[in-house]
Amino acid sequence: MLSVESAAIVRATLPVVGASLDAITARFYETMFSERPELLDGLFNRGNQANGEQRRALAGSVASFATMLLDHPDERPDALLARIAHKHTAVGVTDDQYVIVHKYLFGAIAEVLGEAVTAEVAAAWDEVYWLMAGALIAMEARLYAEAGACDGDTWQRWRVVARRDETPDTVSFLLRPAGDAPVPPARPGQYVSVRVRMPDGVHQLRQYTLSNAGEDGLRRITVKRVDGDPAGEVSTLLHATVRPGDELTLSAPFGEVTLEDGDAPLLLVSAGIGCTPMVAMLDHLVTTGSRRRVLVLHADRSPAEHALREDMLRPAAERIFWYESGAAAPDREGLMNLDGIEIPDGAVAYLCGPVPFMRDVRAQLIRAGVAARDIHYEVFGPDLWLGAS
């Protein structure tokens with residue numbers, strides 16, 4: 001995929017570029033938003049800009065893509081690209097925006113690295129960028145087509161028909177389409193973007209897993225309020241202002257970590273609000289009458305803080321819950337520990353929760369005999385774990 005000449009240059013300069021990626025991406029976003037502030041209105045998540053997660057995710061994806069091109073020159077890293085493509089389509093990224101990003105990213109590279117960026121070095125990394133961008137553009141075009149959309153416009157209005165407080169800081173909204181336009185289908189485990197206008201007039205997007213997507217046309221999102229973090233401004237607004245009868249703007253469903261059909265035993269493993277895709281998968285299994293063996297493993301602070309607990313107590317699954325406090329038999333106390341848990345042979349696992357939790361549990365599952373290829377994970381927000389799986 002990468003030309004021989006460019007591969008040699010990228011291999012030689014990757015350590016220097018990699019070591020400077022944080023500075024490069026910081027300069028990239030600073031300059032781009034200074035000159036194109038409209039990109040923060042309804043596209044980029046300003047909370048993730050403030051806490052640095054978007055910058056770290058971009059740096060990680062570029063470094064991972066370049067490394068994979070060098071290590072496996074005859075393969076395209078579709079798993080990495082698919083995760084990014086789904087994130088992009090959920091916010092409405094369009095082809096022309098790759099040109100904008102290219103301009104400011106390569107300007108930042110030249111500014112940070114200075115004379116080290118010769119014409120040959122710039123051309124080699126330009127090839128890396130457009131290989132990645134071209135693959136993403138093609139993937140995103142297919143995803144938009146499947147959603148029945150063009151130019152990134154997958155947005156539809158939905159009416160809130162019910163609101164249910166799950167815990168003191170978690171609420172579910174039951175939604176019905178507000179118009180007559182066809183509704184793109186949803187697969188268990190997928191998420192939607194919710195677009196809202198903030199008090200300062202700027203539109204912001206956040207992704208929320210569909211914790212239920214029934215055949216009756218109703219869909220449910222479950223939102224945990226995030227206090228003390230700029231990324232939590234949307235969840236705080238939804239909690240404070242949205243009531244039955246209100247309307248929300250939602251994207252089509254996206255996300256590549258979805259429940260696949262098959263007969264293999266399932267492990268649905270989550271912590272905190274990471275239970276939402278697991279609840280959707282469990283609901284799908286019940287609705288379709290699946291006879292697969294299902295083991296639900298969940299960790300939380302306490303039973304009172306366990307959102308959607310009742311939804312996880314479905315008769316179709318075995319379950320073990322861990323709580324840091326307030327545990328009562330048959331639940332377990334402390335952090336999730338799989339020692340002594342019978343993990344079915346040939347199991348396929350789905351993980352969702354904080355990255356440190358997933359990293360720990362993934363290692364435990366591998367030690368228990370689950371194949372690495374059969375462990376799938378979902379990350380809320382920018383994926384800071386690219387390449388870890």
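Computed from heavy atoms alone, side chains included, the values below leave out hydrogens, waters and symmetry copies.
With 3.5 Å as the limit, one finds a donor-acceptor pair spanning the side chains of Thr222 and Ser172. For His298 and Asp300, the side-chain atoms include at least one donor-acceptor pair closer than 3.5 Å. Remark: the Asn45 side chain and the Gln49 side chain contain no N/O donor-acceptor pair separated by less than 3.5 Å. A donor-acceptor contact closer than 3.5 angstrom is absent between the side chains of Gln190 and Thr258. Thr167 and Glu305 share no side-chain donor-acceptor pair at under 3.5 Å.
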Check against salt bridge (Lys or Arg N to Asp or Glu O under 4.0 Å), Lys224 and Asp169:
CA-CA 6 Å; Lys224 181 179 176 66; Asp169 63 359; 2.8 Å; yes
Carefully, step by step, assess Arg293 and Glu342 under the rule salt bridge (Lys or Arg N to Asp or Glu O under 4.0 Å).
CA-CA 12 Å; Arg293 183 182 176 189; Glu342 180 193 348; 3.7 Å; yes
Take Arg176 and Glu247, measure what salt bridge (Lys or Arg N to Asp or Glu O under 4.0 Å) needs, and give me the verdict at the end.
CA-CA 9 Å; Arg176 184 188 303 279; Glu247 290 188 1; over 6 Å; no
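Atom CG of Asp96 has more than 12 heavy atoms from other residues, nucleotides or ligands within 6.0 Å. Remark: Arg373 CZ is loosely packed, at most 12 non-hydrogen atoms of other residues, nucleotides or ligands lying under 6.0 Å away. For Arg157, the CZ atom counts as densely surrounded, since its 6.0 Å shell holds more than 12 non-hydrogen atoms of other residues, nucleotides or ligands. When the shell of 6.0 Å around CG of Asp263 is examined, it contains 12 or fewer heavy atoms from other residues, nucleotides or ligands.
Distance check, rounded to the nearest 0.5 Å: CG of Leu259 to CG of Asp283 gives 11.5 Å. Separation of atoms CD1 (Ile375) and CG (Leu365) is listed at 5.0 Å; rounding is to 0.5 Å. Interatomic distance, Arg319 CZ to Leu282 CG, rounded to the nearest 0.5 Å: 8.0 Å. Distance check: Gln204 CD to Asp41 CG gives 8.0 Å after rounding to the nearest 0.5 Å. Remark: Ser193 OG to Arg206 CZ distance equals 10.0 Å, nearest 0.5 Å. Rounding to the nearest 0.5 Å places CD of Gln207 at 7.5 Å from OG of Ser251.
Both tests pass for Arg195 against the ring of Trp155: distance under 6.0 Å to the centre and angle within 45° of the axis. Cation-pi contact between Arg83 and Tyr377: present, with separation from the ring centre below 6.0 Å and deviation from the ring axis of at most 45°.
With hydrogens and angles disregarded, no donor-acceptor distance shorter than 3.5 Å links the side chain of Glu378 to the backbone of Glu256. Asp246 places a side-chain N or O within 3.5 Å of a backbone atom of Arg243 that can act as its donor or acceptor partner. The closest donor-acceptor contact from the side chain of His203 to the backbone of Gly42 lies at 3.5 Å or more, if one exists at all. Put simply, the side chain of Ser290 gets close to the backbone of Arg292: a donor and an acceptor are under 3.5 Å apart. Under the 3.5 Å distance criterion, the side-chain polar atoms of Ser6 are left unmatched by any main-chain donor or acceptor of Leu2. Within the 3.5 Å criterion, the main-chain N or O of Glu30 finds no donor-acceptor partner in the side chain of Ser34. Proximity of a side-chain donor or acceptor of Glu127 to a complementary backbone N or O of Ser3 within less than 3.5 Å is detected. Between the side chain of Thr118 and the backbone N or O of Val121 there is at least one donor-acceptor pair closer than 3.5 Å. In this structure, the side chain of Thr276 engages the main chain of Ile273 through a donor-acceptor pair within 3.5 Å. Remark: the backbone N or O of Val226 is paired with a side-chain donor or acceptor of Ser235 at under 3.5 angstrom.
Proximity of His88 to Tyr98: side-chain heavy atoms (C-beta onward) are separated by under 4.5 Å at one or more points. Side-chain contact between Leu308 and Glu166: present, with at least one pair of heavy atoms (C-beta onward) separated by less than 4.5 Å. By the 4.5 Å heavy-atom criterion applied to side chains, Pro253 and Pro184 are counted as neighbours. Using a 4.5 Å heavy-atom threshold, the side chains of Arg76 and Leu131 count as separate. Residues Leu268 and Leu351 fail the side-chain proximity criterion, which asks for heavy atoms closer than 4.5 Å. Here the side chains of Trp125 and Leu105 are not in contact, with every heavy-atom distance at 4.5 Å or above. For the pair Val160 and Leu174, the minimum side-chain heavy-atom distance is 4.5 Å or more. Proximity of Leu313 to Glu310: side-chain heavy atoms (C-beta onward) are separated by under 4.5 Å at one or more points.
Across every non-hydrogen atom of Ile24 and Val17, the tightest pair is CD1-O, 4.3 Å. When every heavy atom of Ala307 is checked against every heavy atom of Cys275, the shortest pair comes out as O-SG, 3.4 Å. Closest approach of Ala186 and Arg219 over heavy atoms only: N-NH2, 3.6 Å. Contact detail for Trp322 and Glu333: the closest heavy-atom pair is CD1-O, 4.3 Å. Scanning all heavy atoms of the two residues, the minimum distance from Val117 to Ala110 falls at CG2-CA, 4.2 Å. Contact between Asp360 and Gln364 at its shortest, heavy atoms only, is OD2-NE2, 2.8 Å.
Residues satisfying the side chain to side chain donor-acceptor pair (under 3.5 Å) test with Asp71, not counting sequence neighbours, are none. Legend: residues meeting side chain to side chain donor-acceptor pair (under 3.5 Å) with Tyr323, ordered by chain and number and at least two apart, are His306, Arg309.
Phe44 and Val202 are assigned to two separate hydrophobic clusters, defined by single-linkage of ILVMFWY side chains at heavy-atom distances under 4.5 Å. Val242 and Val196 fall within the same hydrophobic cluster, where Ile, Leu, Val, Met, Phe, Trp and Tyr residues are linked whenever their side-chain heavy atoms come under 4.5 Å apart, directly or through other members. Hydrophobic clustering, with ILVMFWY side chains joined whenever heavy atoms are under 4.5 angstrom apart, keeps Leu267 apart from Met281. A continuous path of Ile, Leu, Val, Met, Phe, Trp and Tyr side chains, each step under 4.5 Å between heavy atoms, connects Val99 with Met32, placing both in one hydrophobic cluster. By the criterion of side-chain heavy atoms lying less than 4.5 angstrom apart, applied directly or through intervening Ile, Leu, Val, Met, Phe, Trp or Tyr residues, Met198 is grouped together with Val194 in one hydrophobic cluster.
Of the options Arg56, Arg55, Arg27, a side-chain hydrogen bond (donor to acceptor under 3.5 Å, both in side chains) to Asp22 is made by Arg55 and by none of the others.
With respect to the salt-bridge test (charged N to carboxylate O, under 4.0 angstrom), the residues Asp200 and Arg46 qualify. For Asp311 and Arg164, the salt-bridge test passes: some basic side-chain N is under 4.0 Å from an acidic carboxylate O. The existence of a salt bridge linking Asp165 and Arg163 is confirmed by a sub-4.0 Å separation between a basic side-chain nitrogen and an acidic carboxylate oxygen. Classification of Arg225 and Glu233 as a salt-bridged pair fails, no side-chain N sitting under 4.0 Å from a carboxylate O.
Aromatic ring centroids of Tyr29 and Tyr104 lie 6.0 Å or more apart. Aromatic ring centres of His102 and Phe106 lie closer together than 6.0 Å.
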